[in-house]
Amino acid sequence: MERVYANRKFIVIGVFVIVGLIFILRLFLIQIVADKYVLSANNNVLRYITQYPARGLIFDRNGKLLVYNEAAYDLMVIPSQVKKMDTAELCRLIGIGIADFIQRVQKARSYSPFRPSVFESQISRENYGYLEEKMFRFPGFFVQSRTLRKYTYPVAAHTFGYIGEVSPEIIDQNLYYKSGDYIGISGIEKSYEEVLRGKKGMRIKVVDVLNRDKGSFQNGKYDTIAFAGTDLYSSLDVELQQYGELLMSGKKGSIVAIEPSTGEILAIVSSPAYDPNLLVGRARKTNYVMLSEDTIQVPLFNRALMASYPPGSTFKLVGALVGQQEGVLFPETRYFCGGGFPLGNGKKVACHSHPSPLNLSESIAQSCNTYYCRVFRSIIDKKTFRTTREGFESWRSFVMSMGFGKKLGIDIPGELNGNIPTSGYYDRYHGKNRWTSMAIISLGIGQGEIGIIPIQMANLAALISNRGFYYVPHIIKAIGSKDKPNKDFQVKKVSLIDPKYFDIVIKGMHDVVEGGTARASRIDSITMCGKTGTAQNPHGKNHSIFVAFAPMDNPRIAISVVVENAGFGAAWAAPIASLMIEKYINRKVKRKDLEQSMITGNPSTSAIKVIDQ
Amino acid sequence: MRERRGIFEHIDWWLVILYLLLVGLGWINIYAAVYDINHSDIVDMHVKYGKQMLWIFAAVFLAMIILLIDGKFFAQFSNLIYGICILLLIMVIFSGKEISGSKSWFQFAGVALQPAEFAKMGTALALAKFLSLTETDIRKRNDLFLAAGIILLPTILVILQHDTGSALVFLSFILVLYRAGLSDKFLIAFVLVPMLAVLSLLINKFIIVGGLFLIAVLVFLYTKRRFLNTLIIAAVFLAATGFVFSVNYGVNHVLEPHQRTRINVLIGKEIDLKGAGYNVNQSLIAIGSGGMWGKGFLQGTQTKYNFVPEQSTDFIFCTVGEEWGFLKGSLVVVGLFVVLLIRIVIVAERQRSRFSRFYGYGVAAIIFFHFFINIGMTLGLLPVIGIPLPFFSYGGSSLWAFTMLLFIFIRQDSYRYELL
Ligand SMILES: [Zn+2]
């Protein structure tokens, strides 16, 4: 009778087949249709470890190592892989609290749950040892080695700049950078970032469920090698740089020294300075806050590139050159000085006492204000110009051709334009074309609206020493190897001043040192040419300025020195410039007394009596 | 000698080859699942594949012995075997060794044996014996209760060992009863009740009750308007409504929170990748990442690096899916099981002896239930119930029990010629 139920075998077989088909359908869906499982599988086992290349080294012009790298270790986290673990143990190992731990993981998660973020940067070598052993107990965490910048000499911090973690804005714009990467933030580190950084590599590792390393993925088939950054050969003379910073200690101001024949920067000092090693590693953030909050010293401010001053009497050199070029000034042109240049409203531009009348070279040596007011008027009001405006525009284009009023284009970030006012500016101030040479007469003696930055002053000295041309000042002379010159700075920039007009100006500058305003800074063994200046400072004591080059016949160094609140140019700037020149050319300074008084002296309280201007 | 040759002549080679294929593939995947580059010696007794290799040899030896046993033996001694199994199940409750929460193991000379595995075979034998008696009619209430008793006695003993997975397997014998003439209603209820339970958790219970009422009204309209019919319809409707409410209440108020979570994860109401859903999610990742062709032998990263739990036992199918892919792995293994099950049914149907036929159905039912629950769990279709995949999963007890189960059937089949 159970034969009656024999047909039930079909039901039973049917159940088996249907279950089999459901499984096959399900398998088809997860193995072939869906691709999220492949991604999840890779997330499970593959760890993409960035191989950070060593950053390029930086050498000085004599091959001395200036900037190098030191190994450091970052603790990284991949939030999606953080599982239940002994959190307290990890916190104890790196010395943070539980609340901090949770907050950091949250922060990393908000960047990306699947990509690594820095959890704790630059852990000590000792902690790294502990961590390495226990790493498998902290799923989602791993240690990433990277390099820290180190500086052999605690100098030129503004120039080197610093590196730091890349900002989210840059990550959004630039595909190369990932969270936790380091990038040059200022100085050479910023401007040569792409050269210095090298190329990151990627190693793909396989890990098991406990996050233990199981070797490289497919024998490293998909790994990419990191390429070390390119070394840079700086034009800096580190001894001169050190000496400059020593001379400027306790003072505010800057020194820029350039090799005139190439535009190479030999030294670039901004004072107050700081030790570049302060902005490295874990302490970077606190030190940075400390430095940036110092509103009195403003140590992070790079005065050599970012401070704009009225150039004062140093600008008379420009007047002398433009005047000759315009054909209104000749070596034997003499102007009478009666203690000043009358402005016609009862006031006058004062001048100090000196023999009168002076010729062109004597006017430079004695720095006569009256002389250069008259030169300026003769330029602007030259008969061939129909309007003041036309004269002014002509003057301005000559001045601009000497590297003023716009960025020179040097290879350190942050450079200012400086300011040579436009006729539009005076139109706005006085009304359209309702201004005369008398209204803007202060430009003739480098006062008023004019703004020059120290590196432009040094460049002027280089241009005069070269008799009419300059190379854009730059700090990196070769990239990769000493004999691979930096191609960006090989173009000779020629000014609109005919070379023949320079000799008389150079003679005047020579006289400045030999018997003029800066005779106290004369160096026996070197024929130096210079010009003093005093920048009017409405906020306090005037700024002391000096531009110079040496030797006179075969110039090897052109320099500008600005000492803020130090009074006349001859008081502080000229002696410091002369010491720098002596140091660079003779490698040794004989004038120890002067050197000592400059290093230890305090310009704001000094009583050294020298001839004004 | 003549007789012995005769035995081997009449063996169903289909079943033997399917058996050997499954055991062989199982071993290869166990090897891959626990493979470690530092220990690749295949007979190393310290690793699972080395042990499993030994157990396979023992199982083959066991199979040959079974084939040599007299054909009448199992029918004659089925009640005794059942009795011994019951005895062992009772003993293990008192003197067994506890392994991962279940007190269901005997330890003999370094080999752990699980009586529950063998009790399935004993129950299949005893049930077949009972159903094969000429006076038995499963449609009679007394016989149904007796059959149910044969099944429920070991089931309860296994539940007492906290081995719910194995206990559930005994439910599969309903298939044998069905073949013996059990009313369709039982089988339908067997399918519909779990469905209703899942629905009552997923959908608002009042909507379900409304739906049930609608069905009841429709059934009422299309049946003869007799008082008795109306009464039955009303009773079934009320019972179903009560069931819906009690499932809801049970899950939300009686179950422990972690059990509730497990159920909610399964029916898709909750996503919990860290807790209850972790195993299944990792299992799906392993299988899913195998794709069409698989990652290749020993190349499975998810299983090899232990992302999948219990990968050599309950989750062995992950290795198949990951390393061999859809075409070479999933289709082959699922296909082999379905073919094996169909072959068992076909062979069972050709038996002259009612005992052999019902025993064959018992074998099919047990293997099917394991296959259904194990792969269903691995694919995230069923709750995580830890029972092994027959012939495939690592473990001596399970392999030997399934080997005995199948080869007793092969022996019964070959015996049918001796009955001539
Ligand atoms: Zn004068």
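Values in this document were obtained by computation on a predicted structure and should not be read as measured data.
Note: Ile30(A) CD1 to Ile285(B) CD1 = 10.5 Å, rounded to the nearest 0.5 Å. One finds the CG atom of Leu29(A) at 11.5 Å from the CG atom of Leu284(B) (value rounded to the nearest 0.5 Å). Distance check: Ile32(A) CD1 to Ser330(B) OG gives 8.0 Å after rounding to the nearest 0.5 Å. For the atom pair CZ of Arg343(B) and CZ of Phe16(A), the computed distance is 14.5 Å after rounding to the nearest 0.5 Å. Here the straight-line distance linking atom CZ of Phe28(A) with atom CG of Leu327(B) works out to 9.5 Å at 0.5 Å rounding. Summarising the geometry, atom CD1 belonging to Ile22(A) is positioned 11.0 Å from atom CG belonging to Leu379(B); distances are rounded to the nearest 0.5 Å.
With chain A as partner, the option from Leu131(B), Val334(B), Leu175(B) having the largest number of non-hydrogen pairs under 4.5 angstrom is Val334(B). Looking only at heavy-atom pairs under 4.5 Å with chain B, the residue among Gln31(A), Lys36(A), Lys9(A) that has the most is Gln31(A).
By the 4.5 Å heavy-atom criterion applied to side chains, Ile375(B) and Val19(A) are not counted as neighbours. Two residues are said to be in side-chain contact when any heavy atoms from C-beta on lie closer than 4.5 Å; Val12(A) and Phe368(B) fail this criterion.
For Tyr178(B), the parts sitting under 4.5 Å from any heavy atom of chain A are the backbone and the side chain alike. Only the side chain of Phe317(B) comes within contact range of chain A, with at least one heavy atom under 4.5 Å from a heavy atom of that chain.
A search for side chain to side chain contact (heavy atoms under 4.5 Å, CB included) contacts involving Ser121(A) returns Asp74(A), Val118(A), Glu165(A), Tyr182(A), not counting sequence neighbours.
The local environment of CZ in Phe297(B) is crowded, with over 12 non-hydrogen atoms from other residues, nucleotides or ligands closer than 6.0 Å. Remark: Ile170(A) CD1 is packed, more than 12 non-hydrogen atoms of other residues, nucleotides or ligands lying under 6.0 Å away. More than 12 heavy atoms of other residues, nucleotides or ligands lie within 6.0 Å of CG in Leu25(A), so this atom counts as buried by the packing criterion. Annotation: Glu194(A), atom CD; neighbour count of heavy atoms from other residues, nucleotides and ligands within 6.0 Å does not exceed 12.
Among Ile287(B), Thr378(B), Leu331(B), the single residue meeting the side-chain contact (heavy atoms from CB on, under 4.5 Å) criterion with Leu27(A) is Ile287(B).
The main-chain N or O of Leu381(B) is never found under 3.5 Å from a side-chain atom of Arg26(A) such that the two would form a donor-acceptor pair.
In plain terms, the two heavy atoms of Leu182(B) and Arg8(A) that are nearest each other are O-NH1, 2.6 Å.
By a heavy-atom distance cut of under 4.5 Å, not one residue of residues 97-106 of chain A is near chain B.
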